[in-house]
Amino acid sequence: MTPSSTNLSRTEAWSLLALVGVSVAIVANSFHGDGEPLMVSIAFSVFAFSATYSLIRWLGPSFMKVGLKGKDMAKAKRPEIPETMGAVCAVVYLLVLIAFIPFPFYKDIVAATSGGGNRDVVQVVEHVEMGRYLHRFPHNKLASYLSGVLSLQAIVLLGIGDDLLDIRWRHKVLIPAFGAFPMLIVYFVDFGVTQVVVPMPLQPYLGEIINLGWLYYAYMAAVAIFCPNSINMLAGINGVEVSQSLVIAVLLLINDSLYLSPFTPYPHPAMDSHLFSIYFLLPFIGVSLALLFHNWYPSKVFVGDTYCYFAGMVFVVVGILGHFSKTLLLLFIPQMFNFLYSCPQLFHIIPCPRHRLPKFNAVTGLLENSVTEWAHPPPALISAILKILNHLRLIGIKTNTKGEIIESTNLTLLNLWILWFGPMKEDRLALHIVLLQSACGLLALFVRHRMALLVFPSDNRNFLSSV
Ligand code: UD1
Ligand code: MG
């Protein structure tokens, strides 16, 4: 990043200022009457976009000065650019999330106390409930909200630590589990729901609802480990980390809106959970869009592991606290495939180099498969499996004159895509992955809402008719 590029252009400055003006006007307007937290959330997200956009630009040189920088491997000159810009997104996001608290919770706090926080005033429950309608949360939801914020803070701290210290993979996969700790503890204290609805074909054997007990916590921890790490693994070309996260966030937003009036009978029991999810997702989309402007090909900044963990943890928070972690996982199909496909390298059955991102060919300007070299030919069984996979075009191999494997392509979705569709430009590959993510996610949501009724007794679309 050259010094001059750290300044905002005149058009950028005025556009961002206009966006800030619009968001301030919406928030100011919300103080008249009851206001609408959803509108305020949109305004805060627009503000978060402007703030992140400017800060990324201004802080680039300072990040480089303290060593937070990385080489862009898929460029001829391998320029060094600022890394860990996800930290800027995360800090803006967290501040916005905290500043937003009074809007969905304020009325409830005032109604349930005498106004000065005195809890001695007895209120008729009916009276308190009168203050609630769409957009408003009961006070007890504040604990969940704050535990989400706490977990996100924890993951950002750990993520920055990872970017600074370059922790080894076998250690850092567990980082998100520590990040999720505050949320799981509050879940235990506040909620403790560990029952799941049994799919109808299994109900004769297991009953309608089964209590998973501590297994449910193990499952939530596994989701918390998977989401952030899987985003960090589907990485290495300009723009791909942020764009996949944006697609997932938008798909979650579409899913959330299906549960809100006027799409569904009111009041739906899951409405609060999905509104909660929207309040976490909108500012995330704001800060991520600002990052994408700088991270899309050709990148001016890298996102760092901080962003991958932070994005994954936003999804974990909404999925777990909103009770739709299964739907959440449906939106991670490309990441799941990438993880399963990577397993032989992750578990060192096949050698795993430090970087597996596609290789840049300086002559053609295209990305090609990156490979792992076999210092010694693989054992007979692995060699046979690799040759079969090569035949099925699931992996590429190179053999010597004796027929021994000397190199094989790295097992990532990006490399497989190049194997199938040939070498391509970096931005084209990123665009393909975005489209793949969108197509898989839309299909998954369609199947989720169309087919769920075949195996579960109720869904958002028929909730009232099934009760
Ligand atoms: C993960 C992957 C690794 C991949 C790396 C790329 C696993 C087990 N690890 O490691 O194979 O190479 O992500 O992010 O799957 N970079 C670019 N262009 C980009 C983005 C990143 O050249 O668009 C390079 C830069 O040199 C940057 C570095 O990748 O500094 C960041 O890598 P890092 O996030 O530290 O890698 P890991 O997450 O450990
Ligand atoms: Mg990374």
Side-chain angles (χ1 to χ4, degrees), residues 1 60 63-64 67-87 155 158-176 225-245 291-292 294-313 334-360 362 367-372 409-416 418 425-431 433-434:
M1 198 180 256
F63 273 57
M64 298 218 22
L68 292 173
K69 57 188 173 183
K71 278 200 173 80
D72 196 344
M73 315 254 226
K75 306 289 176 298
K77 290 187 178 157
R78 294 195 167 197
E80 277 198 329
I81 56 177
E83 187 139 16
T84 318
M85 278 300 161
I155 197 79
L158 293 166
I160 294 174
D162 178 15
D163 275 329
L164 280 170
L165 304 176
D166 208 5
I167 301 168
R168 299 179 72 173
W169 258 83
R170 75 175 77 137
H171 301 134
K172 73 183 185 184
V173 282
L174 287 177
I175 282 180
I225 292 174
F226 172 75
C227 293
N229 278 307
S230 67
I231 293 177
N232 192 22
M233 278 174 64
L234 187 49
I237 59 165
N238 291 182
V240 83
E241 298 97 329
V242 192
S243 50
Q244 66 183 292
S245 307
L291 183 57
L292 188 63
H294 296 91
N295 181 242
W296 188 256
Y297 178 91
S299 288
K300 305 277 183 307
V301 302
F302 284 143
V303 302
D305 289 349
T306 310
Y307 178 81
C308 303
Y309 293 159
F310 159 65
M313 194 51 86
Q335 286 76 9
M336 257 179 227
F337 176 85
N338 190 49
F339 168 73
L340 292 174
Y341 186 56
S342 295
C343 276
Q345 284 196 301
L346 297 181
F347 294 108
H348 293 283
I349 299 165
I350 292 177
C352 185
R354 167 69 183 88
H355 280 290
R356 304 189 296 157
L357 50 92
K359 202 174 103 214
F360 178 68
L367 289 183
E368 296 173 354
N369 278 134
S370 65
V371 296
T372 181
T409 53
N410 282 319
L411 300 173
T412 67
L413 177 61
L414 298 179
N415 277 309
L416 185 63
I418 292 175
K425 268 194 79 181
E426 194 175 1
D427 52 345
R428 186 136 180 258
L429 180 57
L431 196 64
I433 299 300
V434 174

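One-based numbering, in listed order, for ligands and for the atoms of each.
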Exercise for review: Could you list which atoms of ligand 1 come closer than 4.0 Å to a heavy atom of M73?
Suggested key: 22 (O), 26 (O)
Check your understanding: If we only count heavy atoms from C-beta on, is the I155 to P176 side-chain gap below 4.5 Å?
Key -> yes
Review point. Would you say the side chain of L292 lies within less than 4.5 Å of the side chain of S243, judging by non-hydrogen atoms?
Key: yes
Practice item. Look at atom 16 (N) of ligand 1 and say which protein heavy atom is nearest, naming residue and atom and giving the distance to 0.1 Å. Key: F302 CZ, 3.8 Å
Practice item. List every atom of ligand 1 that sits less than 4.0 Å from any heavy atom of G70, numbering the atoms from 1 in the order shown and giving each element. Key: 30 (O)
Review point. Heavy atom under 4.0 Å from ligand 1: found in N410's side chain, backbone, both, or neither?
Key: neither
Review point. If you measure only the distance, is there a donor-acceptor pair under 3.5 Å linking the side chains of K75 and N238?
Key: yes
Revision key, fill the gap. Closest non-hydrogen contact found for N369 with N415 is ND2-O, 2.6 Å
Point to revise | Region of K172 that comes within reach of ligand 1 [heavy atoms, distance under 4.0 Å] | key: side chain
**Study point:** Test side chain to side chain donor-acceptor pair (under 3.5 Å) applied to K172 and D305, D166, N229, the passing residue
**Key:** D305
Practice item. Nearest heavy atom to atom 3 (C) of ligand 1 wins, so pick from M233, R168, K75, R354. Key: R354
Study note, to complete from the structure: Among non-hydrogen protein atoms, atom 4 (C) of ligand 1 lies closest to H355 ND1, 3.7 Å
Review point. Relative to ligand 1, is D72 under 4.0 angstrom through side chain, backbone, both or neither, heavy atoms considered?
Key: both
**Study point:** Contacting atoms of ligand 1, where contact means under 4.0 angstrom from a heavy atom of L346
**Key:** 8 (C)
**Study point:** Any N or O of E426 closer than 3.5 Å to N or O of ligand 1
**Key:** no
Review point. How far is atom 6 (C) of ligand 1 from its nearest protein heavy atom, and which residue and atom is that?
Key: G236 CA, 3.5 Å
**Study point:** Which of the ligand 1 atoms, numbered from 1, are nearer than 4.0 Å to a heavy atom of N232
**Key:** 1 (C), 13 (O), 38 (O)
Practice item. Go through T306 and D162 one step at a time and tell me if the side-chain contact (heavy atoms from CB on, under 4.5 Å) criterion holds. Key: CA-CA 8 Å; T306 310; D162 178 15; over 6 Å; no
Point to revise | Closest protein heavy atom to atom 11 (O) of ligand 1, given as residue, atom name and distance to 0.1 Å | key: R356 N, 3.0 Å
Check your understanding: Does W169 reach the side chain of N232, with side-chain heavy atoms less than 4.5 Å apart?
Key -> yes
Review point. Below 4.5 Å, heavy atoms only, C-beta onward: do L164 and I160 meet side chain to side chain?
Key: yes
Check your understanding: Does the N or O separation between N238 and ligand 1 drop below 3.5 Å for any pair?
Key -> yes
Study note, to complete from the structure: So the angle subtended at the Mg ion (ligand 2) by D305 atom OD1 and N232 atom OD1, rounded to 10 degrees, is 90°
Review point. So, S342 side chain and L411 main chain: donor-acceptor pair closer than 3.5 Å or not?
Key: yes
Practice item. State, yes or no, whether a side-chain contact exists between M85 and N295 at a heavy-atom distance under 4.5 Å. Key: no
Check your understanding: Tell me: protein heavy atom nearest atom 10 (O) of ligand 1, and distance?
Key -> W169 NE1, 3.4 Å
Review point. So which protein heavy atom does atom 34 (O) of ligand 1 come closest to, and at what separation?
Key: D305 OD1, 2.7 Å
Review point. Who's the nearest protein heavy-atom neighbour of atom 30 (O) of ligand 1, and how far?
Key: E83 OE1, 2.6 Å
**Study point:** Shortest protein contact, atom 26 (O) of ligand 1 (heavy atom only)
**Key:** K71 O, 2.6 Å
Practice item. Using the six-membered ring wherever Trp is involved, compare the ring planes of Y341 and F337 and label them parallel, tilted or perpendicular (cut-offs 30° and 60°). Key: parallel
**Study point:** Flag side-chain contact, heavy atom, 4.5 Å: I237 against P358
**Key:** yes
Review point. Does ligand 1 have an atom under 4.0 Å from some heavy atom of K69?
Key: no
